[in-house]
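Below: the structure, in C-alpha cells.
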Amino acid sequence: GIDVGSTTVKVVVLAPDGQVAYDRCERHRGQVAQVLDRLLAEARAAHRIVTVGVTGSLGAHLAPKLGAVPVHEVHAVVLAVRELEEAPRSIVELGGQDAKLVLFGAAPGDEDMQMNDRCAAGTGATIDRIALRLGLTSEELASCRLTGDLTVAAKCGVFAETDVVNLVKRGASWSDAMSALARAIVVQNLAVLARGRLLRPPVVLLGGPHAHLPMLAEAWRELLGDLWRERGVAPGAVVVPEGAELFAATGAALHAARDGRPLQVKAGAKVRAEE
C-alpha cells in the first residue's frame with residue numbers, strides 16, 4: 001500500500017496473514033518520484049509484491065503508472081481502523097496539509113466522513129512552518145508536553161504563526177507557545193470538521209503530527225474531556241495507535257488485496273515518466 005501525501009511518502013507491505021512485513025515513512029521534500037522509486041525498490045528486494053494500492057493527495061495520478069488500485073484516503077483509513085481490536089467511535093487524522101474526521105454510526109457502513117483539504121491551518125504544515133521560525137528541532141518538538149494556558153488564533157495558520165512568534169518574543173517559553181498552538185489546532189478542527197457534532201470515545205488519532213507530537217494528543221484529551229463533561233458524556237480513551245502515520249497506506253493495501261487486481265507493472269519499473 002502506498003500513501004503519497006503533501007509532505008511524505010508512506011509504503012506498507014502486508015503479509016498474507018495481514019501482518020505488516022515492511023513499512024517506511026519518509027519526507028519527500030518535493031522529490032516524490034525519487035523517494036517512492038527508492039522505497040518501492042527496497043520493498044521489492046525483500047518481498048514478493050502481489051497487489052498494490054495507492055492513496056493520498058498526490059497518489060491518485062500514480063495509479064496508472066504502477067498498475068495500482070486507487071482508493072480515497074478517508075476510505076483507506078476506515079478500512080485500516082476496522083482491523084483494530086477495539087473499534088473506535090471517532091477518528092481524527094491530521095496530515096501535512098489536510099485533516100479528516102470520521103464518526104461511526106450504530107450500523108456497519110454508517111459513517112459520517114469529513115475532510116478539509118482547502119485550508120492547512122489545523123495541519124502539520126502550520127506546525128512545520130512555526131517550528132522553523134522558532135528554530136526548533138524535531139527532537140525538541142517530540143519532547144514537548146502540553147503546558148501553560150496561553151491562546152493563539154485558531155482560524156488561520158498565518159495568524160497562528162504571528163501569535164506564536166510574538167508570544168515567544170514577549171518572553172513566553174517556546175513550549176508554552178507551541179502548546180497554545182496545539183490547542184488552537186484542536187479548536188480549529190472541531191470547528192471546521194466536527195461543526196458542533198460530538199466526537200464520542202474511543203477516539204483514535206492518526207497521521208504524522210499525532211504520531212510524532214505528543215502534545216497534540218494531550219490537547220485533544222484536554223479539550224475533548226472538557227466537552228464530554230459539559231455534555232454529560234462518559235469520558236473515554238483518546239489514543240494514538242502504533243504506526244499512526246501508516247493507516248492510509250495500510251488501508252490502500254487492504255483495498256487492493258480485496259479488489260483482487262494483480263500488480264501490472266514490471267518489478268524494475270520506475271514511477272518517473274521519460275521526458
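Along the sequence shown, the residues carry numbers beginning at 1. Bear in mind that the values here come from a model prediction, so they are computed numbers and not experimental data. What's counted below: heavy atoms across the whole structure, side chains too, no hydrogens, waters or symmetry copies.
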Would you indicate whether the side-chain heavy atoms of V20 and L246 approach each other to under 4.5 Å?
-> no

Checking H210 side chain against V239 main chain: does a donor-acceptor pair fall under 3.5 Å?
-> no

Can you find a pair of side-chain heavy atoms, one from L216 and one from L205, that are under 4.5 Å apart?
-> no

Show the numbers, then the answer: is there a side chain to side chain contact (heavy atoms under 4.5 Å, CB included) between V69 and V54?
-> CA-CA 6 Å; V69 182; V54 64; over 6 Å; no

Does V240 reach the side chain of W220, with side-chain heavy atoms less than 4.5 Å apart?
-> no

Any side-chain heavy-atom pair from I130 and L181 closer than 4.5 angstrom?
-> yes

Within 6.0 Å of CZ in R197, more than 12 heavy atoms from elsewhere | yes

Would you say the side chain of S138 lies within less than 4.5 Å of the side chain of H212, judging by non-hydrogen atoms?
-> no

Atom of T7, atom of G96 and distance for their closest heavy-atom approach = OG1-CA, 3.9 Å

Thinking salt bridges, do K10 and D23 make one under a 4.0 Å N-O criterion?
-> no

For the side chain of E218 and the backbone of L146, is there at least one donor-acceptor N/O pair under 3.5 Å apart?
-> yes

L190 reachable from L193 in the ILVMFWY side-chain graph, under 4.5 Å edges | yes

Please report the C-alpha distance between R27 and D128 in whole Å, then the side-chain angles of each, then the deciding distance to 0.1 Å, and finally whether the side chain to side chain contact (heavy atoms under 4.5 Å, CB included) criterion is met.
-> CA-CA 12 Å; R27 285 182 179 260; D128 283 349; 3.1 Å; yes

Sole candidate of L150, T126, V152 that passes side chain to side chain contact (heavy atoms under 4.5 Å, CB included) when paired with V164 | V152

Same cluster or not: are L206 and M115 linked, directly or through other Ile, Leu, Val, Met, Phe, Trp or Tyr residues, by side-chain heavy atoms under 4.5 angstrom apart?
-> yes

Residue pairs involving residues 162-188 (criterion salt bridge (Lys or Arg N to Asp or Glu O under 4.0 Å); sequence neighbours excluded) = R183-E222

Please assess T55 against H255 for the test side chain to side chain contact (heavy atoms under 4.5 Å, CB included), listing each intermediate value before the final yes or no.
-> CA-CA 10 Å; T55 191; H255 178 77; over 6 Å; no

Heavy-atom closest pair, residues F247 and E242 | CE1-O, 3.7 Å

Provide the closest heavy-atom pair for F104 versus S90 in the form atom of the first, atom of the second, distance.
-> CD1-N, 4.2 Å

Note: E73 and G56 closest approach over all heavy atoms is OE2-C, 3.6 Å

Can you see which heavy atom on L79 is nearest to which on G251, and at what distance?
-> CD1-O, 3.7 Å

Using distance only, find each side-chain donor-acceptor pair of residues 223-231 under 3.5 Å and give its atom names and separation, not counting sequence neighbours.
unit_1: D226; atom_1: OD1; unit_2: R229; atom_2: NH2; d: 2.4
unit_1: W228; atom_1: NE1; unit_2: L199; atom_2: O; d: 2.7
unit_1: R231; atom_1: NH1; unit_2: G196; atom_2: O; d: 3.1
unit_1: R231; atom_1: NH2; unit_2: G196; atom_2: O; d: 3.3

Residues that R24 engages under side-chain hydrogen bond (donor to acceptor under 3.5 Å, both in side chains), provided they are two or more places apart | E42

Between the side chain of E140 and the main-chain N/O of T137, is any donor-acceptor distance below 3.5 Å?
-> yes

How about V233 and R200: do any of their side-chain heavy atoms sit closer than 4.5 Å?
-> yes

Backbone N or O of R44 within a donor-acceptor pair of the R48 side chain at under 3.5 Å?
-> no

Measure the shortest side-chain to side-chain distance between M178 and I127 over non-hydrogen atoms and say whether it is less than 4.5 angstrom.
-> yes

Could you check if a side-chain atom of R89 sits within less than 4.5 angstrom of a side-chain atom of P201, using non-hydrogen atoms only?
-> no

Is the backbone N or O of V74 less than 3.5 Å from a side-chain atom of H72, with the two atoms forming a donor-acceptor pair by type?
-> yes

Could you walk me through whether Q114 and L103 pass the side chain to side chain contact (heavy atoms under 4.5 Å, CB included) test, one step at a time?
-> CA-CA 9 Å; Q114 300 293 328; L103 304 178; over 6 Å; no

List the atom of A153, the atom of A184, and the distance in Å for their closest heavy-atom pair.
-> O-CB, 3.6 Å

Identify whether the distance between the nearest side-chain nitrogen and carboxylate oxygen of E26 and R38 falls below 4.0 Å.
-> yes

Flag yes if V78 and L101 sit in one hydrophobic cluster, no otherwise; membership is Ile, Leu, Val, Met, Phe, Trp, Tyr, and two members link when side-chain heavy atoms are under 4.5 Å apart.
-> no

T8 side-chain N/O to V4 backbone N/O, donor-acceptor pair under 3.5 Å | no

